[in-house]
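Letters A, B, ... mirror the listed sequences (proteins, then strands); counts begin at 1.
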Amino acid sequence: HLGNADRWPLILTATKWTACQIISTMETQVSNGPSGTSLPNGPVISTNGSTDDSKTNLIVNYLPQNMTQEEFKSLFGSIGEIESCKLVRDKITGQSLGYGFVNYVDPNDADKAINTLNGLKLQTKTIKVSYARPSSASIRDANLYVSGLPKTMSQKDMEQLFSQYGRIITSRILVDQVTGISRGVGFIRFDKRNEAEEAIKGLNGQKPLGAAEPITVKFANNPSQKTGQALLTQLYQTAARRYTGPLHHQTQRFRLDNLLNASYGVKRFSPITIDSMTSLAGVNLTGPTGAGWCIFVYNLSPEADESVLWQLFGPFGAVTNVKVIRDFTTNKCKGFGFVTMTNYDEAAMAIASLNGYRLGDRVLQVSFKTSKQHKA
DNA sequence: TTATATT
């Protein structure tokens, strides 16, 4: 269906006005705690050769949407030497998923990071820093959506009700932004998926204590499993915001203290300056333009493929052709590609919206293809 | 049915 580019604007228009309700929430801060037995400092090598990183590896949740990998590394690198870290991003759009992992060399630094950075306010978020549980299929998809809760039920009450089925990692009750009253809807994340399954069996359709109505307990929608259309909608809406708002692709200098100052004026460590923007050489290309409007897209990642170009440009209108330029020997993208769009207005809109767009950790340069023979 | 809790 990617080829039906000219149908996308219609599909997307139908969903673009969906109201976005702002909901305030209460969030528990349940510490994961390092698993396993207490061991001396330093990397622990098991008999099978794998490293035990349960005392060094952290998961960081509730990161601001616009935080970059560089900022993430800088913030956590201020505590101690990092073995590895990763801001988790959507595979296709490159958008941050709002969480990441930091693996320190020294377990003491992991402990220090929790004590220092857990609860740090960055913009509108309060980040959570805790030990990462060992990665396993059994801990995935363990998030439950609960509705029909009595309005009087507190988060603590809800946890008490669910805790008989297993270890609760997070719980949350959604409240009306204005009144602060419970909306009777909440989320419970268990440590293990099978615990969540048991909770559904035991509590779905049941009336809590003296409640008048039964509650509904089911698996929460998995935000990472968006449909293709939802993904396009998201891309389109991002683009639409960029188009209406002031275009701000002048400089992309990221300062951690900007993130911090935007919250409560609290500075908890000396700010670190990052300049993640490398200067980009001017690139112009040769050749005549065929039917339609040929667009030059620069700063694609080596892994970029045609689908990313379809997904980026499709929402703006009729796309007739996309091409990623690859190195002949490695078959990796050489950093640029071309998109042909039928209509000038749509092409112009796409360029205005996508030039300066951050795709993953890269800032795209998008323009009409020029016919200059050589770069400067 | 939340902006995003397992790389």
Side-chain angles (χ1 to χ4, degrees), chain A residues 18-35 50-51 53-54 56-67 69 72-73 76 82-103 118 122-149 155 158 166-177 182-193 195-196 200 204 215-227 230-231 233-234 237-238 241 360:
Chain A
T18 305
C20 186
Q21 193 178 359
I22 298 163
I23 297 142
S24 96
T25 60
M26 299 178 285
E27 167 75 21
T28 39
Q29 296 287 329
V30 180
S31 172
N32 290 330
S35 58
S50 65
T51 58
D53 58 10
S54 66
T56 56
N57 194 208
L58 305 179
I59 184 165
V60 185
N61 291 293
Y62 311 109
L63 292 167
Q65 173 62 233
N66 60 4
M67 190 174 207
Q69 165 78 214
F72 183 60
K73 183 172 185 182
F76 285 87
I82 291 172
E83 193 275 325
S84 63
C85 75
K86 181 173 193 178
L87 177 67
V88 180
R89 289 182 299 226
D90 184 281
K91 281 189 190 66
I92 296 165
T93 67
Q95 305 266 324
S96 166
L97 294 183
Y99 67 94
F101 296 91
V102 181
N103 196 187
N118 183 42
L122 294 177
Q123 299 179 154
T124 61
K125 300 295 180 66
T126 301
I127 70 170
K128 182 177 177 185
V129 185
S130 55
Y131 288 105
R133 292 168 286 161
S135 187
S136 148
S138 66
I139 67 173
R140 293 177 49 173
D141 303 316
N143 197 200
L144 296 179
Y145 170 76
V146 187
S147 59
L149 292 165
Q155 183 188 30
M158 183 174 71
R167 176 175 168 223
I168 294 168
I169 301 300
T170 56
S171 73
R172 169 176 288 193
I173 286 179
L174 304 188
V175 301
D176 184 279
Q177 176 79 84
S182 165
R183 295 175 50 209
V185 168
F187 293 88
I188 295 264
R189 179 182 301 279
F190 279 100
D191 182 36
K192 295 290 193 302
R193 181 180 171 91
E195 295 169 343
I200 292 173
N204 183 40
I215 60 172
T216 299
V217 183
K218 56 218 277 199
F219 281 109
N221 290 340
N222 190 326
S224 64
Q225 288 173 206
K226 279 201 179 103
T227 65
L231 204 59
T233 303
Q234 183 193 317
Q237 287 173 340
T238 304
R241 271 197 299 280

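- Between A:R189 and the phosphate of B:dT6, there is a side-chain N or O to OP1/OP2 separation shorter than 4.0 Å.
- Listed candidates were B:dT7, B:dT4, B:dT1. Nearest to the side chain of A:L97 is B:dT4.
- With B:dA5, B:dT2, B:dT7 as the choices, the nucleotide that has an atom nearest any side-chain atom of A:Y62 turns out to be B:dA5.
- Residue A:Q155 comes nearest to A:S171 through the heavy atom pair NE2-O, 2.7 Å, listed as atom of the first residue, atom of the second, then distance.
- For the pair A:R167 CZ and B:dA5 P, the interatomic distance rounds to 16 Å; values are reported in whole Å.
- Residues A:I188 and A:N143 approach most closely at O-ND2, 3.2 Å, considering heavy atoms.
- When each of B:dA5, B:dT4, B:dT7 is scored by its nearest atom to the side-chain atoms of A:K86, the top-ranked nucleotide is B:dT7.
- Going from atom CD1 of A:I82 over to atom C1' of B:dT7 covers 15 Å, rounded to whole Å.
- Comparing A:L63 and A:V102 by the nucleotide of DNA chain B that holds the closest heavy atom to each, the one mapping nearer the 5' end is A:L63.
- A side-chain donor-acceptor contact under 3.5 Å links A:N103 to the backbone of A:T56.
- Residue side chain A:Y99 fails the stacking definition with respect to B:dT6, as its ring centre and the base's six-membered ring centre are not both under 5.5 angstrom apart and under 30 degrees in plane angle.
- Taking 4.0 angstrom as the limit, A:K125 places a side-chain polar atom (N or O) nearer than this to OP1 or OP2 of B:dT4.
- Base engagement by A:S96 is indicated by at least one non-hydrogen atom pair under 4.0 Å involving a base atom.
- A:I59 places its CD1 atom 5 Å from the C1' atom of B:dT6, with the value rounded to the nearest Å.
- Contact annotation: side chain of A:R172 to base of B:dT2, donor-acceptor pair present below 3.5 Å.
- Partners of A:R89 by side chain to side chain donor-acceptor pair (under 3.5 Å), not counting sequence neighbours: none found.
- Two residues, A:G98 and A:F101, neighbour DNA chain B, and the one matched to the more 5' nucleotide by heavy-atom proximity is A:G98.
- With sequence neighbours left out, the side-chain contact (heavy atoms from CB on, under 4.5 Å) criterion links A:K73 to A:I82, A:C85.
- Of the candidate nucleotides B:dT2, B:dA5, B:dT7, B:dT7 has the atom lying nearest to any side-chain atom of A:R140.
- Side chain A:Q95 to base B:dT4: no donor-acceptor pair is found below 3.5 Å.
- One can place CZ of A:R89 at 15 Å from P of B:dT7, the figure rounded to the nearest angstrom.
- Atom CD1 in A:I169 sits about 8 Å away from atom C1' in B:dA5, given to the nearest Å.
- Contact between the side-chain N/O atoms of A:T170 and the OP1/OP2 oxygens of B:dA5 is not found at any separation under 4.0 Å.
- Across B:dT1, B:dT4, B:dA5, the shortest atom-to-atom separation from the side chain of A:Q65 is found for B:dT4.
- Distance alone, capped at 3.5 Å, is enough to place a donor-acceptor pair between the A:R133 side chain and the A:D191 backbone.
- Put simply, CG on A:N66 is 13 Å from P on B:dT4, counting in whole angstrom units.
- Atom CG in A:L58 sits about 13 Å away from atom C1' in B:dT7, given to the nearest Å.
- In this structure, A:F219 atom CZ and B:dA5 atom P are separated by 16 Å, rounded to whole Å.
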